[in-house]
Amino acid sequence: MSAEFELCPGRKIGGSNPCFIIAEIGQNHQGDLEIAKKMIRMAKDCGADCAKFQKSEIEHRFTKLALERLYTSPHAWGPTYGAHKHHLEFSHQQYRELQQFANEVGIFFTASGMDEMAVEFLHEINVPFFKVASADTNNIPYLEKTAKKGSSHVLKLMFWCICVGRPMVISSGMQSMETMRCVYQTIKQHNPNFTFLQCTSAYPLPIEHVNLSLIPEFQKEFPDIPIGYSGHEAGIHVSVDAVALGAKVLERHVTLDKSWKGSDHAASLEPAELAELVKAIRTVEMAMGSPVKQMLPCEASCHSKLGKSVVARKPLKKGETLTLDMLTVKVAEPHGMRPENIFKLVCKKITVDLEEDATITDAMIKD
Ligand SMILES: CC(=O)N[C@H](C=O)[C@@H](O)[C@H](O)[C@H](O)COP(=O)(O)O
Ligand SMILES: C=C(OP(=O)(O)O)C(=O)O
(Lines give C-alpha, C1' and ligand atoms only; values in the text may rest on other atoms or scores of the structure.)
(Ligands and ions follow the chains in the order given, each with its own letter.)
Protein backbone atom coordinates (compact mmCIF):
# COMPACT_ATOMS: atom_id res chain seq x y z
CA MET A 1 0.00 0.00 0.00
CA SER A 2 1.55 3.34 -1.04
CA ALA A 3 2.06 6.18 1.44
CA GLU A 4 -0.80 8.63 1.81
CA PHE A 5 -0.97 12.36 2.46
CA GLU A 6 -3.42 15.23 2.26
CA LEU A 7 -3.14 16.77 -1.23
CA CYS A 8 -6.00 19.24 -0.77
CA PRO A 9 -7.82 20.25 2.41
CA GLY A 10 -9.78 17.19 3.54
CA ARG A 11 -8.71 15.08 0.54
CA LYS A 12 -5.98 12.49 0.97
CA ILE A 13 -4.27 10.60 -1.82
CA GLY A 14 -2.37 7.31 -1.82
CA GLY A 15 -3.08 4.27 0.33
CA SER A 16 -6.65 3.14 -0.17
CA ASN A 17 -7.98 6.64 -0.96
CA PRO A 18 -9.81 7.03 -4.26
CA CYS A 19 -7.69 8.15 -7.21
CA PHE A 20 -7.53 11.95 -7.36
CA ILE A 21 -8.72 13.02 -10.81
CA ILE A 22 -7.31 16.25 -12.25
CA ALA A 23 -9.16 17.80 -15.19
CA GLU A 24 -6.35 19.60 -17.00
CA ILE A 25 -7.97 22.62 -18.64
CA GLY A 26 -4.46 23.84 -19.48
CA GLN A 27 -4.82 26.25 -22.37
CA ASN A 28 -7.90 24.61 -23.91
CA HIS A 29 -9.92 27.69 -22.84
CA GLN A 30 -8.71 29.46 -26.02
CA GLY A 31 -7.82 32.54 -23.92
CA ASP A 32 -11.51 33.13 -23.12
CA LEU A 33 -12.47 33.52 -19.45
CA GLU A 34 -16.08 32.46 -20.01
CA ILE A 35 -14.97 29.23 -21.72
CA ALA A 36 -12.59 28.64 -18.80
CA LYS A 37 -15.48 28.97 -16.34
CA LYS A 38 -17.66 26.63 -18.40
CA MET A 39 -14.81 24.13 -18.29
CA ILE A 40 -14.46 24.39 -14.51
CA ARG A 41 -18.17 23.71 -14.14
CA MET A 42 -17.95 20.85 -16.62
CA ALA A 43 -15.07 19.28 -14.66
CA LYS A 44 -17.16 19.43 -11.49
CA ASP A 45 -20.29 18.07 -13.20
CA CYS A 46 -18.29 15.14 -14.61
CA GLY A 47 -16.97 14.19 -11.16
CA ALA A 48 -13.34 15.35 -11.40
CA ASP A 49 -11.65 16.35 -8.13
CA CYS A 50 -9.69 19.32 -9.43
CA ALA A 51 -9.67 21.85 -12.26
CA LYS A 52 -6.14 22.73 -13.34
CA PHE A 53 -4.65 25.48 -15.50
CA GLN A 54 -1.14 26.40 -16.69
CA LYS A 55 0.19 29.69 -15.31
CA SER A 56 3.17 31.35 -16.98
CA GLU A 57 4.87 34.67 -16.39
CA ILE A 58 5.76 34.69 -20.03
CA GLU A 59 8.93 36.83 -19.94
CA HIS A 60 10.29 34.61 -17.13
CA ARG A 61 9.41 31.35 -18.86
CA PHE A 62 10.77 32.09 -22.34
CA THR A 63 13.83 33.87 -23.71
CA LYS A 64 13.32 36.83 -26.04
CA LEU A 65 14.35 34.76 -29.05
CA ALA A 66 11.96 31.95 -28.10
CA LEU A 67 9.13 34.50 -27.95
CA GLU A 68 10.11 35.96 -31.32
CA ARG A 69 10.17 32.50 -32.95
CA LEU A 70 7.65 32.30 -35.80
CA TYR A 71 4.75 29.98 -34.94
CA THR A 72 3.20 28.74 -38.16
CA SER A 73 1.23 25.84 -36.67
CA PRO A 74 -2.49 25.63 -37.53
CA HIS A 75 -2.91 25.89 -33.75
CA ALA A 76 -1.16 29.27 -33.52
CA TRP A 77 -3.05 32.20 -31.94
CA GLY A 78 -0.47 34.70 -33.22
CA PRO A 79 2.36 34.97 -35.76
CA THR A 80 5.12 34.45 -33.13
CA TYR A 81 5.26 32.00 -30.22
CA GLY A 82 5.19 35.01 -27.88
CA ALA A 83 2.01 36.43 -29.43
CA HIS A 84 0.47 32.95 -29.31
CA LYS A 85 1.31 32.43 -25.64
CA HIS A 86 0.15 35.95 -24.66
CA HIS A 87 -3.22 35.25 -26.27
CA LEU A 88 -3.63 32.13 -24.09
CA GLU A 89 -2.41 33.63 -20.79
CA PHE A 90 -4.84 34.88 -18.14
CA SER A 91 -3.86 37.80 -15.90
CA HIS A 92 -3.51 37.57 -12.11
CA GLN A 93 -6.91 39.19 -11.74
CA GLN A 94 -8.46 36.65 -14.10
CA TYR A 95 -6.81 33.82 -12.13
CA ARG A 96 -8.30 35.13 -8.92
CA GLU A 97 -11.70 35.26 -10.61
CA LEU A 98 -11.34 31.67 -11.82
CA GLN A 99 -10.25 30.54 -8.37
CA GLN A 100 -13.25 32.24 -6.82
CA PHE A 101 -15.51 30.63 -9.43
CA ALA A 102 -14.07 27.16 -8.73
CA ASN A 103 -14.64 27.77 -5.05
CA GLU A 104 -18.31 28.57 -5.68
CA VAL A 105 -18.68 25.52 -7.92
CA GLY A 106 -17.04 23.35 -5.25
CA ILE A 107 -14.01 21.93 -7.04
CA PHE A 108 -10.33 22.20 -6.09
CA PHE A 109 -8.42 24.71 -8.22
CA THR A 110 -4.72 24.82 -9.07
CA ALA A 111 -2.28 25.38 -11.91
CA SER A 112 1.16 24.32 -13.01
CA GLY A 113 3.58 27.11 -12.32
CA MET A 114 5.45 27.14 -15.63
CA ASP A 115 8.32 29.25 -14.19
CA GLU A 116 9.48 30.41 -10.77
CA MET A 117 7.53 33.68 -10.88
CA ALA A 118 4.34 31.80 -11.72
CA VAL A 119 4.97 29.58 -8.68
CA GLU A 120 5.32 32.75 -6.55
CA PHE A 121 1.91 33.88 -7.77
CA LEU A 122 0.27 30.48 -7.17
CA HIS A 123 1.75 30.45 -3.70
CA GLU A 124 0.31 33.91 -3.09
CA ILE A 125 -3.20 32.85 -4.10
CA ASN A 126 -2.82 29.77 -1.90
CA VAL A 127 -3.46 26.91 -4.32
CA PRO A 128 -3.81 23.59 -2.46
CA PHE A 129 -0.84 21.98 -4.24
CA PHE A 130 1.77 22.78 -6.86
CA LYS A 131 1.75 20.87 -10.13
CA VAL A 132 5.20 20.62 -11.71
CA ALA A 133 4.86 20.24 -15.48
CA SER A 134 7.25 17.79 -17.15
CA ALA A 135 9.34 20.58 -18.69
CA ASP A 136 10.32 21.77 -15.17
CA THR A 137 10.93 18.36 -13.62
CA ASN A 138 14.69 18.53 -14.21
CA ASN A 139 14.81 22.25 -13.33
CA ILE A 140 16.46 21.65 -9.97
CA PRO A 141 16.67 25.30 -8.78
CA TYR A 142 12.93 25.66 -9.54
CA LEU A 143 12.17 22.40 -7.69
CA GLU A 144 14.13 23.46 -4.63
CA LYS A 145 12.39 26.81 -4.39
CA THR A 146 8.97 25.28 -5.02
CA ALA A 147 9.49 22.50 -2.49
CA LYS A 148 10.53 24.99 0.16
CA LYS A 149 7.40 27.10 -0.17
CA GLY A 150 5.52 27.05 3.09
CA SER A 151 1.85 26.23 2.95
CA SER A 152 -1.20 27.63 4.58
CA HIS A 153 -1.01 24.59 6.89
CA VAL A 154 1.15 26.29 9.46
CA LEU A 155 1.13 24.46 12.76
CA LYS A 156 1.69 26.69 15.76
CA LEU A 157 2.82 24.67 18.73
CA MET A 158 3.61 26.92 21.71
CA PHE A 159 6.76 28.75 20.60
CA TRP A 160 7.32 26.56 17.58
CA CYS A 161 5.97 27.30 14.17
CA ILE A 162 6.28 24.37 11.77
CA CYS A 163 5.71 25.02 8.07
CA VAL A 164 4.56 21.96 6.19
CA GLY A 165 5.49 22.24 2.51
CA ARG A 166 2.65 22.66 0.05
CA PRO A 167 2.22 19.23 -1.60
CA MET A 168 3.60 18.72 -5.10
CA VAL A 169 2.43 16.65 -8.07
CA ILE A 170 5.41 16.12 -10.36
CA SER A 171 5.17 14.82 -13.92
CA SER A 172 7.93 12.76 -15.49
CA GLY A 173 7.58 13.43 -19.26
CA MET A 174 10.87 13.76 -21.15
CA GLN A 175 12.88 12.50 -18.09
CA SER A 176 14.90 9.38 -17.27
CA MET A 177 14.66 7.30 -14.08
CA GLU A 178 18.08 8.60 -13.10
CA THR A 179 16.77 12.17 -13.25
CA MET A 180 13.69 11.15 -11.26
CA ARG A 181 15.96 9.74 -8.51
CA CYS A 182 17.70 13.09 -8.34
CA VAL A 183 14.31 14.88 -8.28
CA TYR A 184 13.21 12.62 -5.42
CA GLN A 185 16.31 13.47 -3.37
CA THR A 186 15.88 17.19 -4.08
CA ILE A 187 12.24 17.36 -3.05
CA LYS A 188 12.45 14.97 -0.12
CA GLN A 189 14.89 17.25 1.75
CA HIS A 190 12.28 20.00 1.91
CA ASN A 191 8.86 18.49 1.41
CA PRO A 192 7.61 15.01 2.41
CA ASN A 193 4.35 15.31 0.49
CA PHE A 194 4.74 14.72 -3.21
CA THR A 195 3.82 12.29 -5.93
CA PHE A 196 5.36 11.36 -9.29
CA LEU A 197 3.20 10.91 -12.38
CA GLN A 198 4.26 8.59 -15.18
CA CYS A 199 3.97 10.71 -18.32
CA THR A 200 5.11 10.69 -21.93
CA SER A 201 5.02 14.17 -23.46
CA ALA A 202 3.57 13.57 -26.95
CA TYR A 203 0.21 14.90 -28.17
CA PRO A 204 -1.70 12.71 -28.92
CA LEU A 205 0.42 9.98 -27.38
CA PRO A 206 0.86 6.78 -29.47
CA ILE A 207 -0.24 3.82 -27.32
CA GLU A 208 3.10 2.02 -27.73
CA HIS A 209 4.79 4.90 -25.87
CA VAL A 210 2.40 5.05 -22.89
CA ASN A 211 4.57 2.61 -20.88
CA LEU A 212 2.06 1.87 -18.15
CA SER A 213 4.47 -0.71 -16.75
CA LEU A 214 6.44 2.22 -15.38
CA ILE A 215 3.72 2.77 -12.76
CA PRO A 216 4.68 -0.34 -10.73
CA GLU A 217 8.33 0.36 -11.58
CA PHE A 218 8.08 3.88 -10.10
CA GLN A 219 6.34 2.39 -7.04
CA LYS A 220 9.25 -0.05 -6.60
CA GLU A 221 11.80 2.76 -6.91
CA PHE A 222 9.93 5.13 -4.59
CA PRO A 223 7.87 2.97 -2.20
CA ASP A 224 7.14 5.84 0.20
CA ILE A 225 5.32 8.15 -2.23
CA PRO A 226 2.10 7.66 -4.18
CA ILE A 227 2.49 7.27 -7.95
CA GLY A 228 0.08 8.56 -10.58
CA TYR A 229 -0.36 9.01 -14.32
CA SER A 230 -0.64 12.03 -16.61
CA GLY A 231 -2.01 10.78 -19.93
CA HIS A 232 -1.97 12.32 -23.37
CA GLU A 233 -3.37 9.39 -25.34
CA ALA A 234 -6.77 9.47 -27.04
CA GLY A 235 -9.71 7.80 -25.25
CA ILE A 236 -10.20 6.67 -21.67
CA HIS A 237 -9.25 2.98 -21.46
CA VAL A 238 -5.52 3.35 -20.89
CA SER A 239 -6.18 5.79 -18.04
CA VAL A 240 -8.53 3.31 -16.37
CA ASP A 241 -5.81 0.65 -16.72
CA ALA A 242 -3.35 3.06 -15.11
CA VAL A 243 -5.59 3.19 -12.04
CA ALA A 244 -5.82 -0.61 -11.98
CA LEU A 245 -2.01 -0.64 -11.98
CA GLY A 246 -1.93 1.60 -8.93
CA ALA A 247 -2.14 5.23 -10.13
CA LYS A 248 -3.33 7.31 -7.17
CA VAL A 249 -3.55 10.57 -9.15
CA LEU A 250 -4.76 10.80 -12.73
CA GLU A 251 -4.45 13.86 -14.92
CA ARG A 252 -6.12 14.22 -18.33
CA HIS A 253 -6.60 17.20 -20.60
CA VAL A 254 -10.25 18.15 -21.05
CA THR A 255 -11.98 20.16 -23.76
CA LEU A 256 -15.45 21.33 -24.72
CA ASP A 257 -14.78 20.32 -28.32
CA LYS A 258 -11.91 18.22 -29.70
CA SER A 259 -12.14 19.85 -33.10
CA TRP A 260 -11.25 23.32 -31.75
CA LYS A 261 -7.99 25.04 -32.68
CA GLY A 262 -5.19 24.33 -30.18
CA SER A 263 -2.37 21.79 -29.79
CA ASP A 264 -4.00 19.84 -26.94
CA HIS A 265 -7.64 19.44 -28.00
CA ALA A 266 -7.13 16.24 -30.02
CA ALA A 267 -5.64 14.40 -27.04
CA SER A 268 -8.26 15.78 -24.63
CA LEU A 269 -11.49 14.33 -23.30
CA GLU A 270 -14.87 15.87 -24.08
CA PRO A 271 -17.40 16.07 -21.21
CA ALA A 272 -19.10 12.73 -21.95
CA GLU A 273 -15.72 10.98 -22.01
CA LEU A 274 -14.56 12.63 -18.79
CA ALA A 275 -17.79 11.57 -17.04
CA GLU A 276 -17.34 8.03 -18.38
CA LEU A 277 -13.71 7.99 -17.27
CA VAL A 278 -14.60 9.03 -13.72
CA LYS A 279 -17.29 6.34 -13.59
CA ALA A 280 -14.95 3.70 -14.99
CA ILE A 281 -12.24 4.63 -12.48
CA ARG A 282 -14.62 4.36 -9.56
CA THR A 283 -15.76 0.98 -10.92
CA VAL A 284 -12.25 -0.40 -11.35
CA GLU A 285 -11.29 0.83 -7.87
CA MET A 286 -14.21 -1.09 -6.43
CA ALA A 287 -13.27 -4.08 -8.57
CA MET A 288 -9.66 -4.00 -7.28
CA GLY A 289 -11.14 -4.89 -3.89
CA SER A 290 -9.16 -6.95 -1.41
CA PRO A 291 -5.83 -8.78 -1.88
CA VAL A 292 -6.98 -11.47 0.59
CA LYS A 293 -8.11 -14.65 -1.22
CA GLN A 294 -10.95 -16.37 0.56
CA MET A 295 -14.46 -17.65 -0.17
CA LEU A 296 -16.78 -14.67 0.04
CA PRO A 297 -20.36 -14.57 1.34
CA CYS A 298 -21.53 -13.64 -2.20
CA GLU A 299 -20.16 -17.03 -3.41
CA ALA A 300 -22.27 -19.03 -0.93
CA SER A 301 -25.14 -19.68 -3.30
CA CYS A 302 -22.85 -20.87 -6.12
CA HIS A 303 -20.96 -23.04 -3.64
CA SER A 304 -24.14 -24.51 -2.27
CA LYS A 305 -25.31 -25.45 -5.80
CA LEU A 306 -22.03 -26.54 -7.46
CA GLY A 307 -19.33 -26.78 -4.78
CA LYS A 308 -17.91 -30.31 -4.59
CA SER A 309 -17.39 -32.68 -1.62
CA VAL A 310 -15.65 -35.96 -0.90
CA VAL A 311 -17.98 -38.94 -1.39
CA ALA A 312 -17.71 -42.75 -1.33
CA ARG A 313 -16.64 -44.13 -4.73
CA LYS A 314 -18.21 -47.50 -3.74
CA PRO A 315 -20.14 -48.93 -0.76
CA LEU A 316 -18.02 -48.74 2.41
CA LYS A 317 -18.26 -50.86 5.57
CA LYS A 318 -18.02 -49.43 9.08
CA GLY A 319 -14.44 -49.95 10.44
CA GLU A 320 -12.79 -50.11 7.00
CA THR A 321 -9.45 -48.30 6.58
CA LEU A 322 -9.76 -45.79 3.78
CA THR A 323 -7.60 -45.79 0.65
CA LEU A 324 -7.69 -43.18 -2.11
CA ASP A 325 -9.49 -45.50 -4.55
CA MET A 326 -12.48 -45.74 -2.13
CA LEU A 327 -13.03 -41.97 -2.45
CA THR A 328 -14.02 -39.51 -5.15
CA VAL A 329 -15.17 -35.89 -5.53
CA LYS A 330 -18.66 -34.90 -6.70
CA VAL A 331 -21.36 -32.28 -6.33
CA ALA A 332 -23.13 -33.96 -3.43
CA GLU A 333 -26.19 -33.64 -1.25
CA PRO A 334 -25.65 -32.83 1.56
CA HIS A 335 -22.23 -31.10 1.35
CA GLY A 336 -19.38 -32.85 3.16
CA MET A 337 -15.64 -32.73 3.46
CA ARG A 338 -13.90 -30.20 1.14
CA PRO A 339 -12.02 -31.88 -1.74
CA GLU A 340 -8.67 -30.30 -0.80
CA ASN A 341 -8.78 -32.50 2.35
CA ILE A 342 -9.24 -35.83 0.52
CA PHE A 343 -5.65 -37.01 1.12
CA LYS A 344 -6.07 -36.54 4.88
CA LEU A 345 -8.65 -39.38 4.84
CA VAL A 346 -6.20 -42.01 3.62
CA CYS A 347 -5.39 -44.59 6.40
CA LYS A 348 -8.28 -43.27 8.57
CA LYS A 349 -11.22 -45.52 9.60
CA ILE A 350 -14.81 -44.98 8.52
CA THR A 351 -17.21 -45.23 11.48
CA VAL A 352 -20.44 -45.90 9.53
CA ASP A 353 -21.66 -47.99 6.62
CA LEU A 354 -21.93 -45.88 3.45
CA GLU A 355 -23.55 -46.42 0.07
CA GLU A 356 -21.86 -45.46 -3.19
CA ASP A 357 -21.97 -41.61 -3.68
CA ALA A 358 -22.73 -41.00 0.03
CA THR A 359 -21.26 -37.76 1.36
CA ILE A 360 -18.33 -38.15 3.77
CA THR A 361 -18.22 -35.76 6.74
CA ASP A 362 -15.65 -35.18 9.51
CA ALA A 363 -17.90 -36.88 12.03
CA MET A 364 -17.68 -40.21 10.12
CA ILE A 365 -13.88 -40.44 10.41
CA LYS A 366 -11.62 -41.89 13.14
CA ASP A 367 -7.79 -42.09 13.31
C1 LIG B 1 5.17 19.97 -22.19
C2 LIG B 1 3.98 20.81 -21.79
O3 LIG B 1 4.13 21.85 -21.22
N4 LIG B 1 2.80 20.29 -22.07
C5 LIG B 1 1.53 20.90 -21.71
C6 LIG B 1 0.75 19.94 -20.90
O7 LIG B 1 0.42 18.83 -21.27
C8 LIG B 1 0.76 21.27 -22.95
O9 LIG B 1 -0.54 21.65 -22.58
C10 LIG B 1 1.44 22.40 -23.67
O11 LIG B 1 1.31 23.58 -22.93
C12 LIG B 1 0.83 22.59 -25.04
O13 LIG B 1 0.84 21.39 -25.75
C14 LIG B 1 1.59 23.65 -25.80
O15 LIG B 1 0.96 23.91 -27.01
P16 LIG B 1 1.36 25.20 -27.84
O17 LIG B 1 2.85 25.07 -28.06
O18 LIG B 1 0.58 25.16 -29.10
O19 LIG B 1 1.02 26.40 -27.02
C1 LIG C 1 2.60 19.98 -18.92
C2 LIG C 1 1.89 19.67 -17.87
O3 LIG C 1 1.67 18.43 -17.42
P4 LIG C 1 2.34 17.03 -17.88
O5 LIG C 1 3.79 17.25 -17.91
O6 LIG C 1 1.86 16.11 -16.85
O7 LIG C 1 1.78 16.76 -19.22
C8 LIG C 1 1.25 20.69 -17.03
O9 LIG C 1 0.80 20.33 -15.93
O10 LIG C 1 1.20 21.85 -17.44
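For ligands, and for the atoms within them, numbers begin at 1 and follow the listed sequence. This is a predicted model, so every value here is computed, not measured.
Looking only at atom types and distance, the side chain of T80 has no donor-acceptor partner in the side chain of R69 under 3.5 Å away. For the 3.5 Å distance criterion, the side chains of E24 and H232 fail to qualify, holding no donor opposite an acceptor.
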Test log, rule ring pair (Phe, Tyr, Trp, His ring centres under 6.0 Å), inputs H303 and H335: CA-CA 10 Å; H303 184 254; H335 277 234; 5.0 Å; yes

Step-by-step ring pair (Phe, Tyr, Trp, His ring centres under 6.0 Å) determination, F5 to F194: CA-CA 8 Å; F5 65 82; F194 63 99; 7.9 Å; no

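Against a heavy-atom cut-off of under 4.0 Å, Y81 is close to the following atoms of ligand 1: 16 (P), 17 (O), 19 (O). The atoms of ligand 1 that sit less than 4.0 Å from any heavy atom of M114 are 3 (O). For ligand 1 and H232, the ligand atoms under 4.0 Å from any heavy atom of the residue are 7 (O). If you number the atoms of ligand 1 from 1 as listed, the ones under 4.0 Å from a heavy atom of K85 come out as 14 (C), 16 (P), 19 (O). Heavy-atom contacts of H84 reach the following atoms of ligand 1: 16 (P), 18 (O), 19 (O) (cutoff under 4.0 Å). Annotation for ligand 1: atoms under 4.0 Å from non-hydrogen atoms of Y203 are 1 (C), 2 (C), 4 (N), 5 (C), 6 (C), 7 (O), 8 (C). Close contacts between ligand 1 and Q54 involve ligand atoms 5 (C), 6 (C), 8 (C), 9 (O), 11 (O) [criterion: under 4.0 Å to a heavy atom].
Atom CG in N193 sits 9.0 Å away from atom CD in E6 (nearest 0.5 Å). With rounding to the nearest 0.5 Å, the separation of CE in M364 from CG in L322 is 11.5 Å. Atom CG of D136 is separated from atom CD1 of I170 by 11.0 Å, given to the nearest 0.5 angstrom.
Partner of E124 under the salt bridge (charged side-chain N to carboxylate O under 4.0 Å, His left out) criterion, out of R166, K55, R96, K149: R96 alone. Checking each of H86, H87, H29 against W77 for a ring-ring contact (aromatic ring centres under 6.0 Å, His included) leaves exactly one that passes, namely H87.
Contact annotation: for Y71 versus ligand 1, heavy atoms closer than 4.0 Å belong to the side chain alone.
For ligand 2, the protein residues placed under 4.0 Å by at least one non-hydrogen atom are E24, K52, Q54, S112, M114, K131, A133, S134, S171, C199, Y203, S230, H232, E251.
The shortest contact between atom 18 (O) of ligand 1 and any protein heavy atom is with S263 OG, 2.4 Å. Considering only non-hydrogen protein atoms, atom 15 (O) of ligand 1 sits nearest to Q27 NE2, 3.1 Å.
Proximity annotation for atom 12 (C) of ligand 1: of N28, I25, D264, D264 comes nearest, heavy atoms only.
Of all heavy-atom pairs spanning T351 and K318, the tightest one is O-CG, 3.3 Å.
Using cut-offs of 30° and 60° for the angle between ring planes, the Y81 and F62 rings count as perpendicular.
Here's the thing with H75: none of its N/O atoms is less than 3.5 angstrom from an N/O atom of ligand 1.
M114 and M117 fall into different hydrophobic clusters, defined by Ile, Leu, Val, Met, Phe, Trp and Tyr side-chain heavy atoms under 4.5 Å apart, directly or through other members.
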